[in-house]
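Residue numbers start from 1 in every chain, and the chains themselves are labelled A, B, ... in the order their sequence lines are given, proteins ahead of strands.
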Amino acid sequence: MKRYNPSDIEQKWQDKWEQDGTYEVDLTDSTKPKYVGFSMLPGITGAGIHIGHGRTFQFSDIKVRAKRQQGFNAYHPIGWDSFGLPVENYAIKIGKKPREAHDEALINFKKQLKRLGYSYDWSKETSTADPSYYRWTQWIFSQLYKHNLAYQKESPQWWCETDQTVLANEQVEAGKCWRCGNPVTKKNLKQWFFKITEYADEMLEATDDLDWTDMVKTMQKNWIGKSQGAEIDFTVENRDERITVFSTRPDTLFGATFLVLAPEHPLVMSLTNDETKETVEAYVEQAARQSEIERMNDTREKTGVFTGSHAINPTTGEKIPIWVADYVLAGYGTGAIMAVPAHDERDGAFAEKFKLPIVEVIEKPNHETARYDGEGILINSGAFDGMPTSEAREEIVAWLEQQSSGRTKTTYKMRDWLISRQRYWGAPIPIIHCDEHGAVAVPDDQLPVILPEVEDFKPKGGATSVLASVEDWVNTTCPTCGKPAKRETDTLDGYACSSWYFLRYIDPFNDTEAWSPDVAKHWQPVDFYNGADHAVAHLLYSRFWMRFFYKQGWVPDPEPFKRMMYNAYIMAPDGRKMSKSLGNVIDPMEIMDSGYGADSLRVYEMFIAPYDMDAPWDTRGVPGTYRFLNRVWTLAQEYIEGNEIEIDQKGVSEILAVAHKTNKKVTEDIEHDKFNTAVSSMMEAVNSYYKLKETYGIGKSEAWTVAIESLLQILAPFAPHITEELWHEVGHEQTIHVDAWPAWDEKYLVSDTMTIVVQVNGKLRATLRMPKDATKEEVETAVLAHANVTLVMGDKKPTKVIYVPGRLVNIVI
RNA sequence: GCGCGGAUGGCGGAAUUGGUAGACGCGAGGGACUUAAAAUCCCUUGUCCAAAAGACGUGCGGGUUCGAUUCCCGCUCUGCGCACCA
């Protein structure tokens, strides 16, 4: 008998698949239903992938492989996230140019992915740093610009001193840069933005209907952060200015005893007088200097200064002081608040510290002693006294509207997406600045704006990228008037490049359009998408672009990903998250090359835990799945080499029952992303077959043919090499990986007996086999006669007998 | 602080969503084969008790129910996300 040796078969089949184009998809073929699935675009930032990434990529591989076998025109595309900060930083680290560093790293990535046997269509490989790709990224930028969804604005922005670039809100994590982990500060710069807030409400509402992992949906919703409230105008004493604040609690307006402006608020300096000017100036300056981390580490002790001016509370007509404090954020609402110290914890802390008046306007429930921010009945609120807060919210706003000093308002936490980067390695923003015509989009026929080669690409600091010093590139002419003009020197955020790649995947060679809307109509949306990261930024950005494309009629659906599975991490043996920076990664090559091969690793990756649970890596698990595959191998060999045999009716039905049950279970488990139990049920099936072959023998017979062939088919997505090998050995010419999936027939799953669980007072006392058609009376009689039952019951009479048909009898005494 | 998860043997994890807790795998122990080892095959393996019978067992404390890992109330620990968002 031939022995199972992965190295004899894996390379052989990989070569054969490549040669035959087994996984290549004809994108114009509509004779079969389509299925497209893939995992998030891998970023090329280091030596290669570790087993955690491998698991992520494999989820989509299994899904697509199963569909391909089930008769779909199934497409598993692959591409590279090649532009952006991570690649550039990696290049700096290893002392090479980004393109060179990237291309070298890519060699190993591809080697790993190919060795793992993923069913990618390599003929359609895509890279975001390829001019034939970023030409269209730039084109999309121009389209957004034309539709007023891209704009330039000067405002304080997150700045990473280490990476020498601005960052989008989504790329600042707890006050630190997402790449280098160093604290960020704010810098006032003129920057390019995408108006993602335009679709905030639409995206928020669409979120609930997505078939996505709930946690990600929640994170998206929180990030969009919708709150409904009102804008309220406060007049400033002895001045013409008005200060507008945003509040979700207009019902507490009578309790507003002071106003607070963010240090960055434009009116701050004009509200000062000779006495306060210096103090306020110093405070504002100090706030600007502080990084977000420092602000947060202040143990939240409130700081602030009085401006010297007063505003008028529109309800009470009272004079209330205007303060400046950094607990008010410039970027949210109007950058100014009305402080209601009695009913807001932060305002209360501030008022206590600076001895500002506190007026209660909501009656506290009896048990509340602390500051109360809940609902209740209004007090000290003039005509609104006695009104419940929910009603007062509307009534007070209505009253303000009458006075034209307020209006209802919805605010979002999400800010517009800042997309300029002062870095070299990215798609140049396709804009030309002309003295006469301002920012002019580079005409479509002049795209791509090629990123010029430079000797030293490293950031030089300041507010521009190194492109600013490439004079013959920067100096150009205005597309509108032909006069000398200068190119925009910022590059696009790498996240922009990866916000539409799924559309390029379905039309990768199109050189007249980014993609064909007709092709999109067939192939969009993506059926399956997964990843272990980017729960907010990438997904939000992609949804924003997609919504824009949808409004232009370029795609059939406003959502890019029908199904998004957010999978968990593999933890390193040291209990920490596996990561290159911690030096605890495990390279899949090591495991495969130590003799176990790709299939054993693949099966273990799926078997280790449910997809959404972090799983600690245990290297001893791979020999376990190797043993399983070895048992499959042996079983198949015994079948192939066995003689023709006769099996009696009982044996046939037992063998077929296992086969059909397992076919059903594995098919359903894959559909529901329960890959771990799919594997275990195949293990169970093999264990059963081992017992059955002891009893009935194994060899050529109809039942064994069904058992062996269907086992190979359902195992194929998990272990594509061994199953292909055996599939041919049992006599098939065609590959197992296309159009080969077993059906199941429920008639083989029903047994003619049932197992009745016998309980007395809810405690298990016995199990009983009964014919399937036994009546309630027959079952109960048999149960009451059972020795274990009579023993426990003694001479007591049952007060109640509960019968769950076909399942259980519980006797209550 | 707020939001969303999780907690089951020595370990990773199953359990038809209220009906036999611990499937499957790892580890451990025993046996077969072998001169021997590896590989392979078979058996045992939640805890207590010498064993049987039995009792106890799904983070903790209550509750609902004939019956709770599953539902409800109150906690503890832990992972993740957001973090002064008015």
Side-chain angles (χ1 to χ4, degrees), chain A residues 3 173-175 213-219 221-223 225-227 229 245-249 252 256 260 292 295-296 298 300 302 325-329 331-340 343-347 349-350 373 411-415 535-536 566 568-569 571 577 603-604 607-610 612-625 627-628 630-631 634 665 674 676-687 690-691 694 755-767 788 791-792 798-804 806-813:
Chain A
R3 287 192 56 181
E173 297 166 350
T213 303
D214 283 336
M215 182 181 60
V216 177
K217 292 193 342 186
T218 310
M219 281 162 73
K221 285 196 273 187
N222 290 346
W223 190 266
K226 180 178 184 168
S227 37
V245 304
F246 173 72
S247 173
T248 53
R249 294 299 299 272
T252 62
V260 189
E292 188 71 358
R295 277 201 196 182
M296 281 163 55
D298 270 350
R300 300 213 182 162
K302 297 277 183 291
D326 66 5
Y327 83 90
V328 175
L329 306 175
Y332 184 73
T334 60
I337 61 153
M338 63 175 209
V340 184
H343 304 291
D344 180 279
E345 196 175 323
R346 295 149 305 180
D347 298 343
F350 194 81
D373 61 4
T411 309
Y412 300 90
K413 276 201 236 178
M414 183 170 71
R415 320 291 158 79
V536 174
Y566 193 73
Y569 295 112
M571 310 302 277
K577 194 176 141 183
V603 173
Y604 182 58
F607 181 60
I608 185 168
D612 57 352
M613 212 184 275
D614 285 337
W617 183 257
D618 181 359
T619 311
R620 287 178 304 197
V622 179
T625 49
R627 269 195 280 278
F628 161 64
N630 206 6
R631 280 162 72 80
T634 304
K665 170 81 173 147
K674 293 168 79 174
N676 58 326
T677 50
V679 172
S680 64
S681 61
M682 288 186 281
M683 289 173 166
E684 270 183 89
V686 170
N687 291 347
Y690 267 65
K691 292 211 168 71
E694 284 309 304
T755 304
I756 300 293
V757 172
V758 181
Q759 296 180 337
V760 177
N761 286 340
K763 276 198 167 67
L764 176 73
R765 293 298 168 186
T767 58
N788 289 9
L791 192 73
V792 176
T799 58
K800 201 172 177 184
V801 177
I802 287 146
Y803 177 55
V804 182
R807 191 163 276 173
L808 166 143
V809 173
N810 189 15
I811 299 159
V812 187
I813 51 173

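Look at the P atom in both B:G22 and B:U58: the space between them is 14 Å, to the nearest Å. Of the P atoms belonging to B:C26 and B:C41, the separation is 10 Å, rounded to the nearest Å. Nucleotides B:C80 and B:A86, compared at atom P, are 26 Å apart to the nearest Å. Distance check on atom P: B:G18 versus B:A23 gives 23 Å, rounded to whole Å. B:A68 and B:G1: their C1' atoms are spaced 34 Å apart (whole Å). With C1' as the reference atom, B:G57 and B:A21 are 9 Å apart, rounded to whole Å. Between B:U8 and B:G3, the distance separating the two P atoms is 25 Å to the nearest Å.
When the nearest nucleotides of RNA chain B are assigned to A:T218 and A:Y566 by heavy-atom distance, the more 5′-ward of the two goes with A:T218. Each of A:R3 and A:M219 has a nearest nucleotide on RNA chain B; the 5'-most of these lies closest to A:R3.
Counting distance only, with no hydrogens placed and no angle test, the side-chain atoms of A:R765 and the base atoms of B:U20 include no donor-acceptor pair under 3.5 Å. Contact annotation: side chain of A:E345 to base of B:G1, donor-acceptor pair absent below 3.5 Å. A donor-acceptor contact under 3.5 Å is formed by the side chain of A:K302 with the base of B:C84.
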Show the distances under 3.5 angstrom between N or O atoms of the protein and N or O atoms of nucleotides 22-30 of chain B.
from, atom 1, to, atom 2, distance (Å)
B:A23, O2', A:E684, OE1, 3.2
B:A23, O2', A:E684, OE2, 3.4
B:G25, OP1, A:N687, ND2, 3.1
B:C26, OP1, A:R627, NE, 3.0
B:C26, OP1, A:R627, NH2, 3.0
B:G27, OP2, A:R627, NH2, 3.4

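A cation-pi arrangement, defined by a distance under 6.0 Å to the six-membered ring centre and an angle within 45 degrees of its axis, is absent between A:K302 and A:F350.
Contacts of A:V812 with the nucleic acid, taken as non-hydrogen atoms under 4.0 Å apart, involve only primed sugar atoms and P, OP1 or OP2. When heavy atoms are screened at a 4.0 angstrom cut-off, A:D214 is found touching no nucleic acid atom at all. At a threshold of 4.0 angstrom between heavy atoms, the contacts of A:K221 with the nucleic acid are absent. Backbone-only engagement by A:I608 is indicated by non-hydrogen atom pairs under 4.0 Å involving sugar-phosphate atoms exclusively. Within 4.0 Å of A:K800, counting heavy atoms only, lie sugar-phosphate atoms of the nucleic acid but no base atom. When heavy atoms are screened at a 4.0 angstrom cut-off, A:S227 is found touching the sugar-phosphate backbone but no base atom.
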Fill in the blank from the handout: Pairing string of RNA chain B (Watson-Crick or G-U wobble, both atom distances under 3.5 Å; | = paired to other strand) is (((((((..(((......[....)))((((((.......))))))(((.....)))..(((((..]....))))))))))))....
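Base orientation of B:U78: anti (glycosidic angle beyond 90° from 0).
Dashed line: the shortest gap from a side-chain N or O of A:Y327 to OP1 or OP2 of B:A86 is not under 4.0 Å.
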